[in-house]
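Okay, so here's the structure we're looking at.
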Protein chains: 2
Amino acid sequence: MTMDKKSPIKFTLTERDESVTITQWVYETLRSAVMNGQILPGRALTIRELATLLNVSPMPVREALRQLSAENALEIQGNRRVIVPKMTAMKFNELCEARIAIESHAAARALPYIDAARLAQLHSLDRLIDQAQENDDLEQISILNQNFHRLLYTANPHQVTLPLIESLWLQLGPFMRLATSKLEEHYLVDRHNEAMIAIEKKDAFALQLAISADIREGIAFANTPELLQRFIEQSRTDAS
Amino acid sequence: MTMDKKSPIKFTLTERDESVTITQWVYETLRSAVMNGQILPGRALTIRELATLLNVSPMPVREALRQLSAENALEIQGNRRVIVPKMTAMKFNELCEARIAIESHAAARALPYIDAARLAQLHSLDRLIDQAQENDDLEQISILNQNFHRLLYTANPHQVTLPLIESLWLQLGPFMRLATSKLEEHYLVDRHNEAMIAIEKKDAFALQLAISADIREGIAFANTPELLQRFIEQSRTDAS
DNA sequence: GAGGTTATTTTGTGATCACAAAATTAAAAA
DNA sequence: TTTTTAATTTTGTGATCACAAAATAACCTC
């Protein structure tokens with residue numbers, strides 16, 4: 001059986017802002033590719049290949065790869081090869097539970113700092129999510145959902161957990177996106193509303209419950225093993 | 001008033017293993033310097049200076065700095081300068097609470113996987129900590145204490161939180177070490193024992209309590225504001 | 001002296017090259 | 001065909017150089 005040597009990588013090449021370093025641009029490009037599952041797990045990423053693909057010199061790619069590895073978005077193998085980590089059912093579960101533990105903590109810590117202005121922003125974000133759901137725009141839903149959580153946690157000006165949370169998002173990346181299926185759209189809306197009601201009441205415990213539920217249902221198919229299994233299978237296939 | 005332009009950095013230069021890359025060795029050297037507070041917060045780190053100091057070419061330093069920045073051990077300023085982040089009382093508190101939330105979660109998740117062999121290892125580590133405390137070897141205590149926690153969390157073979165936890169340790173680094181003062185040595189011992197008893201009983205809740213208390217007391221001077229303040233002051237002084 | 005302007009140095013970024021180790025392909029042997 | 005071995009290519013690492021931007025020093029004006 002002959003097959004293509006390497007699975008192709010589909011990048012969404014954005015215009016590069018002159019004020020930003022090439023390294024930064026490469027980093028953002030690779031990051032969103034990982035987050036959106038555009039690179040198959042197990043796929044080996046080589047510096048020169050990416051440099052050619054992105055039309056830059058090897059140096060910025062090298063730095064971006066190291067940073068993404070440090071953020072657990074990529075994995076350095078013993079051979080010094082860099083790959084997109086493969087997923088297992090157990091690891092997936094650990095990532096979800098870690099999200100719940102850390103994010104509900106971050107939410108509770110942010111609560112005292114949320115003022116009316118920020119709450120209004122949260123509401124308007126939630127409305128945008130509704131729209132995106134009507135349009136079935138999965139990628140947009142995913143982005144807006146992240147913005148919602150980020151806006152919540154960053155209310156705390158001394159917050160230190162967001163980088164950790166973003167690392168978990170990155171690791172769940174490709175699988176989180178597929179999760180936001182039409183089936184649970186009403187759940188998501190409900191949970192965000194619950195969260196905002198809890199915020200108005202300054203009820204930390206209710207907020208934690210809402211965030212936990214939102215996460216659990218946002219990646220709800222963790223509880224529908226056959227779906228999860230399908231994606232893990234895909235991830236297990238050799239993508240070198 | 002004349003003062004030295006740059007505060008000196010005291011490295012503990014270890015022999016470099018040939019099998020390991022220079023970048024890795026530089027990374028480890030810088031990491032432990034940060035962890036042990038051998039670089040004043042606010043101190044600007046330049047590639048060439050470190051390269052000269054460590055007697056390597058700029059390239060490995062460059063990569064190590066980027067990795068440490070990605071791990072939140074260092075901070076990239078707008079000017080693209082890399083510094084050791086400064087500490088504030090609020091940030092310190094956030095870091096402690098984050099540790100408690102994440103580590104007690106990690107401990108609970110590890111509990112089902114802890115077998116007799118690992119428990120024995122934990123016991124022997126605890127004995128080593130006792131010894132180190134008798135010798136007043138603060139650095140050794142700190143290292144062994146970290147090993148104890150790491151050994152606990154890594155019992156879970158699917159664990160994903162250790163990198164996040166290590167990032168928090170790094171950020172607390174210089175301040176964590178100073179915390180392990182003679183005053184609370186009996187607390188530490190007790191908490192580790194409590195943890196091990198909870199493990200034997202497979203009591204997740206008791207384990208979480210023990211770990212939480214251990215962390216809280218290990219950095220107990222968070223509750224003695226005058227001490228904390230002193231170190232933060234030191235951190236605020238311009239160390240450029 | 002102090003404040004602002006210019007000159008000088010230092011710095012991060014990015015490009016390119018050399019090289020040993022690893023991966024891949026080709027060839028040979030069973 | 002299947003397995004071993006050898007030849008070839010590709011890869012990450014590390015070194016060095018160029019350059020623009022930033023930081024620092026020197027200078028001048030008041």
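Numbers restart at 1 for each chain; the letters A, B, ... are given by sequence-line order, proteins then strands.
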Could you tell me the separation between the CD1 atom of B/Ile76 and the C1' atom of C/dT11, rounded to a whole number of Å? 15 Å
Judged by nearest nucleotide, the residue sitting upstream toward the 5' end of DNA chain C, A/Gln24 or A/Arg48, is A/Gln24
Using only side-chain N and O atoms of B/Ser57, determine if any of them is under 4.0 Å from OP1 or OP2 of D/dG14. no
Please report the distance, rounded to the nearest Å, between CG in B/Leu54 and P in D/dG14. 13 Å
note: A/Leu50, atom CG; D/dT10, atom P; distance rounded to Å ~ 16 Å
Angle class for the A/Tyr153/A/Trp169 ring planes (parallel below 30°, perpendicular above 60°, tilted otherwise)? tilted
With DNA chain C as reference, determine whether A/Val56 or B/Val82 sits nearer its 5' end, using the nearest nucleotide of each. B/Val82
Indicate, yes or no, whether a donor-acceptor pair under 3.5 Å links the base of D/dG14 to the side chain of B/Arg62. no
Quick check on D/dT10: is either OP1 or OP2 less than 4.0 Å from any side-chain nitrogen or oxygen of A/Thr46? no
Side-chain contact, heavy-atom cut-off 4.5 Å: B/Val82 with B/Ile47? no
I'd like to know if A/Arg66 reaches the base of D/dG12 with its side chain such that a donor and an acceptor end up less than 3.5 angstrom apart. no
Whole Å only: how far is the CD atom of B/Glu63 from the P atom of C/dG12? 15 Å
When the distance from CG of A/Leu65 to C1' of D/dT13 is rounded to whole Å, what number comes out? 14 Å
A/Met59 CE to C/dA18 C1': how many Å, rounded? 13 Å
For the atom pair CG (B/Leu65) and CD (A/Glu63), what is the distance rounded to the nearest 0.5 Å? 10.0 Å
Report the residues that fulfil side chain to side chain contact (heavy atoms under 4.5 Å, CB included) with A/Ser19, sequence neighbours left out, ordered by chain and then residue number. A/Asp17
In this structure, how many angstroms lie between the P atom of D/dT13 and the CD atom of B/Glu18, rounded? 16 Å
To the nearest Å, how far apart are A/Ile22 CD1 and C/dA15 C1'? 10 Å
Can you confirm whether A/Leu164 sits close enough to B/Ser167 that some side-chain heavy atom of one is under 4.5 Å from a side-chain heavy atom of the other? yes
Are there any protein N/O atoms within less than 3.5 Å of an N/O atom in nucleotides 21-23 of chain D, and if so, which ones and at what distance?
unit_1, atom_1, unit_2, atom_2, d
D/dA23, OP1, B/Asn79, ND2, 2.9

Could you walk me through whether B/Arg43 and B/Ile83 pass the side chain to side chain contact (heavy atoms under 4.5 Å, CB included) check? CA-CA 5 Å; B/Arg43 172 69 148 81; B/Ile83 66 167; over 6 Å; no
For A/Ile141 versus A/Ala132, what's the shortest heavy-atom pair and its separation? CG1-CB, 3.8 Å
